[in-house]
Amino acid sequence: MFKRGVTKMQIFGRPDHKNHSLVVPGTSQKCARNRPQCIAQRILVTGGAGYIGSHTCVALLEAGHVVTVVDNLCNSKIQTIDRIKQITKKDLTFYQKDVTDEAAVDAIFSNHSFDGIIHFAGFKAVGESVEFPLKYYYNNTVSTMVLAKYCLKYGVKQFVFSSSATVYGENEVPFVETMRLLPTTNPYGETKVISERVLTDIAKANPGFSVSLLRYFNPVGAHESGLIGEDPRGIPNNLMPFITQVANGKLEKLRVFGNDYPTADGTGVRDYIHVVDLAEGHVAALENLTAGVHVYNLGTGRGTSVLELVNAFQEVNGVKVPYEIVDRRPGDIAECYADASKAKAELGWTAKRGIKEMCRDAWKWGHLTAANPSP
C-alpha cells in the first residue's frame, strides 16, 4: 500500500518501498564504469525532469544507482522521464509533487530508504527573480529547508545541493571556493546563498550530515542522443535555447543584453559548461561525499562571451543567428567564470567537452524538438 498523500497514479516505474524488493539490491551492488570503490545508492533527485536534473538522472542510472525523481513539472515535461528510461534502458520512480509541500515530501521519504539526495528543484531566471523576489525566496529556500528536515527525520545523510556561481557576487574572476562571498546582484543568487547557509548550519549541528555545495555557471548543450535537452516553456530565459529557437525559425532574432560591459567585445562573459559534464560532476560529488560541508566549482575555467558563443554556434552548425543589442538585463554581471581545480583534485572530475560540442549537441536537440515538439 502507498502511504499518505501518494497514489499510484502519481508514480511511474517500480518504487523501492521498504517492504518490497528493490530494482537494484541496495548497497550490495557495485556501480558501473569500472569503479570498484563505488557502491550503488538509492538517490532522490528533485527537479529530475528538468534540464540539468534529467541529464544527472541519466548519469546516475548509467553509474548503477537507483533513482527516484520528484518534480512538479512547472517548467518541465513528463515525456522527459520516458526519454531518460529510453536512453539508459533502466527504470526509475517518479512523483509529480512540489517539494515545498511537507506532507508530500514526508510521504515520499516514508516510502523509500534513500541514501542521498541531489536537490535541483527551484526557479532559476535571474531577471524574473528581480521582478518577483517573494516567489523566488519562498520556493527556493523553503524547498531546501523542507528536504533537509526530512533528511534528518529519516536518516538520509548525504545532500548534494545544486547551487550557483551567482553566490560569488561581483568578485574578481576566476572565482575560487575560498573567496568571501560578496552581496549578490539578484534575488535568485541570494536564495542560493541562503540555502547554502542553511545546509552548512545543519551539517554543523548534525555531524553525520554530509553536504556538497556545487557552484556552477551556464550549462548548455544536450545529451548526444538528442532525446533530452533544455526545453523551457514560453520564451527562453537562457542563452542557448534562445539561440537554437532563432536558428530554427521559431523566434525572429536573439536579444543580446548589453554590449558595454568591460569585456573584449562588450558582451557578458560566462563559463559555459556542457550539461553532460555538469551531470557527471554531480555524480562525482555524490560518490566522493564525506563528512562535513564541501564546496566545489564545476566549470571549464574559461570564459566565453555571448557573441563568441553565437559565432561558434553559427560556424559549427552552418546556420545564421540574427541578433540585436538591447539594454542590460537587471542583475547581470560582466564576467563569471571559475577555477575548477579543486573538483579535479578531490573528485577526479574535469569538464571534457568544449564549446564546439556544446553548440553541436544543442543544435541537434533543437533541431529534433522543432521537428517533433512535445505537448
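Keep in mind the model is a prediction, meaning the values are calculated, not measured.
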Got a sec: does the [atom1] of [X] have more than 12 other heavy atoms crowding it under 6.0 Å?
{"X": "Glu252", "atom1": "CD", "result": "no"}
{"X": "Glu357", "atom1": "CD", "result": "yes"}
{"X": "Lys135", "atom1": "NZ", "result": "yes"}

[atom1]-[atom2] distance between [X] and [Y], expressed to the nearest 0.5 angstrom:
{"X": "Arg328", "Y": "Asp260", "atom1": "CZ", "atom2": "CG", "result": "4.0 Å"}
{"X": "Tyr138", "Y": "Thr191", "atom1": "OH", "atom2": "OG1", "result": "14.5 Å"}
{"X": "Trp363", "Y": "Asn248", "atom1": "CH2", "atom2": "CG", "result": "5.0 Å"}
{"X": "Gln158", "Y": "Phe114", "atom1": "CD", "atom2": "CZ", "result": "13.5 Å"}

Legend entry - Derivation and outcome, side chain to side chain donor-acceptor pair (under 3.5 Å), residues Thr88 and Glu62: CA-CA 6 Å; Thr88 62; Glu62 289 181 340; over 6 Å; no
Residues in side-chain hydrogen bond (donor to acceptor under 3.5 Å, both in side chains) with [X], at least two apart?
{"X": "Asn75", "result": "none"}
{"X": "Asn206", "result": "none"}
{"X": "Thr200", "result": "none"}

Inset, instruction - Using only heavy-atom distances, determine whether the side chains of Glu102 and Tyr150 contain a donor-acceptor pair under 3.5 Å. - result: yes
Inset, instruction - Could you tell me whether the side chains of Ser162 and Tyr216 share a donor-acceptor contact shorter than 3.5 Å? - result: yes
Legend entry - Option from Ile87, Ile84, Asp91 for which side chain to side chain contact (heavy atoms under 4.5 Å, CB included) with Leu61 holds: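 In the set Ile87, Ile84, Asp91, the residue that makes a side chain to side chain contact (heavy atoms under 4.5 Å, CB included) with Leu61 is Ile84.
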Side-chain heavy-atom pair [X], [Y] within 4.5 angstrom cut-off:
{"X": "Pro236", "Y": "Leu251", "value": "yes"}
{"X": "Asp332", "Y": "Arg270", "value": "yes"}
{"X": "Asn140", "Y": "Thr144", "value": "no"}
{"X": "Lys157", "Y": "Ser210", "value": "no"}

Would you check if the side chain of [X] reaches a backbone N or O of [Y] as a donor-acceptor pair within less than 3.5 Å?
{"X": "Tyr272", "Y": "Phe217", "result": "no"}
{"X": "Gln314", "Y": "Val321", "result": "yes"}
{"X": "His294", "Y": "Ala291", "result": "yes"}
{"X": "Asp271", "Y": "Gly301", "result": "yes"}
{"X": "Asp71", "Y": "Ser76", "result": "no"}

Per-pair distances, 0.1 Å, donor-acceptor, side chain in residues 343-354, under 3.5 Å, sequence neighbours excluded:
residue : atom : partner : partner atom : Å
Glu346  : OE1  : Tyr296  : OH           : 2.8
Trp349  : NE1  : Asp277  : O            : 3.0
Arg353  : NH1  : Asp277  : OD1          : 2.4

Legend entry - Connected hydrophobic set around Val326, excluding itself, where side chains approach under 4.5 Å: Phe257
Inset, instruction - Could you list who else is in Tyr136's hydrophobic cluster, with ILVMFWY side chains joined at under 4.5 Å, directly or through other members? - result: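 In the cluster with Tyr136 are Phe123, Val126, Tyr188.
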Legend entry - Axial cation check for Tyr168 ring with Arg215, 6.0 Å and 45° limits: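 Yes, Arg215 and Tyr168 form such a contact.
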Inset, instruction - Using the side chain to side chain donor-acceptor pair (under 3.5 Å) rule, take Glu335 and Tyr261 through it: C-alpha gap first, then chi angles, then the decisive distance, then the call. - result: CA-CA 9 Å; Glu335 290 187 282; Tyr261 286 104; over 6 Å; no
Inset, instruction - Answer with yes or no after comparing the ring centroid distance for His55 and Phe120 against a 6.0 Å cut-off, counting only values under it. - result: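 Between Phe120 and His55, which both carry aromatic rings, the centre distance is not below 6.0 Å.
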